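All remarks here apply to the structure that follows.
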Amino acid sequence: MVQFRFRRWLCWCLAIVLSCSLLAGCSVNSGAGKTLRVATEPAFPPFEFQGKDGKLQGFSIDLIKAIAAAADFSVDFENIPFDGIIPALQAKTIDAAISSMTITQERSKTVAFSRPYFQAGLAIATRTDNQEIKSFDSLQNKKIAVQIGTTGAEKAKTVPGAQVRSFDSAPLALQELLNGNVDAVINDAPVTLYAINTGNLQGIKVIQQLLTEEFYGIATAKNSADLSLINQGLSKVLENGTYHKIYQKWFKSTPPVLPEKTPFANENKANINSFSLIWQSLPTLLTGVVVTLQLAFLSVVCGLVGGSLIGIMRLSAIKPVRWLARAYIDFFRGTPLLVQIFMIYFGLPAFCQELGFTWSLNRLVAGVIALSLNSAAYIAEIVRAGIQSIEIGQSEAARSLGLNSLQTMRYVIFPQAFRRMIPPLGNEFISLLKDTSLVAVIGFEELFRKGQLIVAENYRALEIYAAVAVIYLCLTLVSSQAISSLEIWMNPTKKSNSKI
Ligand code: ARG
């Protein structure tokens with residue numbers, strides 16, 4: 001009963017937050033000629049990707065358009081991250097998904113699949129100069145990159161002793177291999193082969209032997225009326241030769257005969273209750289908390305040192321020094337942190353390779369560098385404003401007592417300024433704590449990524465992300481309490497009051 005109420009309460013909270021966007025995104029779904037909202041993650045060429053003109057294209061895109069024409073419905077594409085597709089189908093914010101999604105037993109417990117529309121399989125990719133990796137067994141104790149929530153990620157988990165790093169998209173996992181940070185990538189064979197054949201991935205080879213045989217299906221929510229419509233259309237295009245033509249266009253070969261069904265059609269999930277689910281996930285989430293805190297503390301310390309230096313440079317009497325500090329602040333404050341993380345982790349090593357030498361960055365180091373460089377820009381402004389806020393009379397008085405400028409700063413200005421800086425510095429720390437979640441994009445398994453990984457396995461987005469949010473909230477509440485205590489402790493008047 002309590003657990004039911006808790007779930008209902010969570011649903012309400014989510015419903016309120018999402019109501020505006022849902023209202024805006026509603027579409028009418030009745031009878032023939034209706035519009036289906038179809039999700040895809042267009043970073044998986046040749047199946048689904050964005051062409052040079054920004055338009056969606058690929059085998060799956062052509063296929064769903066043909067299916068829509070055959071079954072008399074129209075398609076509204078929605079671009080959704082791969083690991084968000086099943087939660088979105090469950091939440092019914094989309095009607096169907098065509099995203100090279102393998103029909104698996106586990107997924108069939110949560111969503112319904114059309115008849116198979118493509119036969120694929122997983123393959124290992126390594127660098128061409130790697131002579132060690134020749135088969136699945138040789139992956140033992142190696143570093144493997146995968147796309148989060150995919151069958152490749154599942155397969156990588158079964159390799160004994162392997163370190164698995166998960167990325168938001170397949171191209172990012174392949175970039176990690178190119179940059180020399182991992183030994184192999186497990187990905188759908190046609191996708192890796194396409195990237196190599198189109199010349200986009202130089203220096204990478206595919207181990208020929210496939211690890212699995214998989215079939216892609218179009219997914220809908222369980223018991224969705226749209227599924228039979230999609231199946232009708234798919235059967236039509238398979239029979240009338242349209243499928244054949246589309247296959248020829250993208251793969252320059254004749255398609256294999258596809259089965260009409262896969263073994264897992266109407267699976268049902270054993271429904272584990274929300275409390276036990278969160279309870280079971282807690283140890284994993286807490287390991288993420290440790291990483292998040294580590295990242296936040298290291299970055300805030302480096303950010304404080306760097307920011308104070310830059311803040312003081314901003315007050316320098318020498319013009320070029322002031323300009324330099326200003327340029328730094330403008331750059332790091334004016335560009336998104338996410339872009340900075342990508343530039344540092346993926347961009348710099350790729351740039352070095354262009355120059356002819358191999359160099360890669362450890363993820364913790366890259367994360368800390370990106371977060372500290374960014375927060376240093378904000379901290380510099382806090383330091384500058386704090387120092388400038390101290391009345392000129394204070395330094396005049398200090399000078400008249402015979403203190404030199406360094407002593408004036410050290411004993412008179414800075415202690416007072418620092419007290420004023422505490423609240424904005426506290427804000428900065430709290431933002432930084434939350435911003436650590438952005439480092440998930442480089443495969444860093446901090447709190448948010450741990451949550452994503454759990455959802456990728458059990459598709460219980462509501463409970464897991466709610467738990468993640470509550471943990472972040474606890475962390476920020478504890479931090480703001482600590483900051484308030486520091487503020488009281490640093491304030492001589494409040495300090496004596498609080499003792500009374
Ligand atoms: N076939 C694999 C799976 O279902 C990978 C699909 C990834 N698709 C994508 N659009 N990124 O897990």
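For reference, positions follow the sequence shown, starting with 1. Source: prediction; values computed, not measured. Order of appearance sets the numbers: ligands from 1, and atoms from 1 within every ligand.
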[atom]: the protein heavy-atom neighbour that sits closest, reported with distance to 0.1 Å:
{"atom": "atom 6 (C) of ligand 1", "result": "Ser100 O, 3.2 Å"}
{"atom": "atom 7 (C) of ligand 1", "result": "Phe44 CZ, 3.5 Å"}
{"atom": "atom 8 (N) of ligand 1", "result": "Ser99 O, 3.0 Å"}
{"atom": "atom 1 (N) of ligand 1", "result": "Asp188 OD2, 2.6 Å"}

Please identify which atoms of ligand 1 are closer than 4.0 Å to at least one heavy atom of [X].
{"X": "Phe82", "value": "3 (C), 4 (O), 6 (C), 7 (C), 8 (N), 9 (C), 12 (O)"}
{"X": "Gln147", "value": "7 (C), 11 (N)"}
{"X": "Tyr216", "value": "1 (N)"}
{"X": "Glu41", "value": "9 (C), 10 (N), 11 (N)"}
{"X": "Thr150", "value": "5 (C), 12 (O)"}
{"X": "Met101", "value": "4 (O)"}

Region of Arg107 that comes within reach of ligand 1 [heavy atoms, distance under 4.0 Å]: side chain
Examine the side chains of [X] and [Y] and answer whether a donor and an acceptor come within less than 3.5 Å of each other.
{"X": "Glu445", "Y": "Gln452", "answer": "no"}
{"X": "Thr212", "Y": "Glu214", "answer": "yes"}
{"X": "Glu463", "Y": "Ser274", "answer": "yes"}
{"X": "Ser100", "Y": "Glu48", "answer": "yes"}
{"X": "Ser253", "Y": "Gln248", "answer": "no"}

Ile86 backbone acceptor or donor facing Arg107 side chain under 3.5 Å: no
Cationic tip of Lys155 above Phe136 ring, under 6.0 Å, 45° of axis: yes
Close N or O approach (Thr102, ligand 1; < 3.5 Å): yes
NZ/Lys205: more than 12 non-hydrogen atoms of other groups inside 6.0 Å: yes
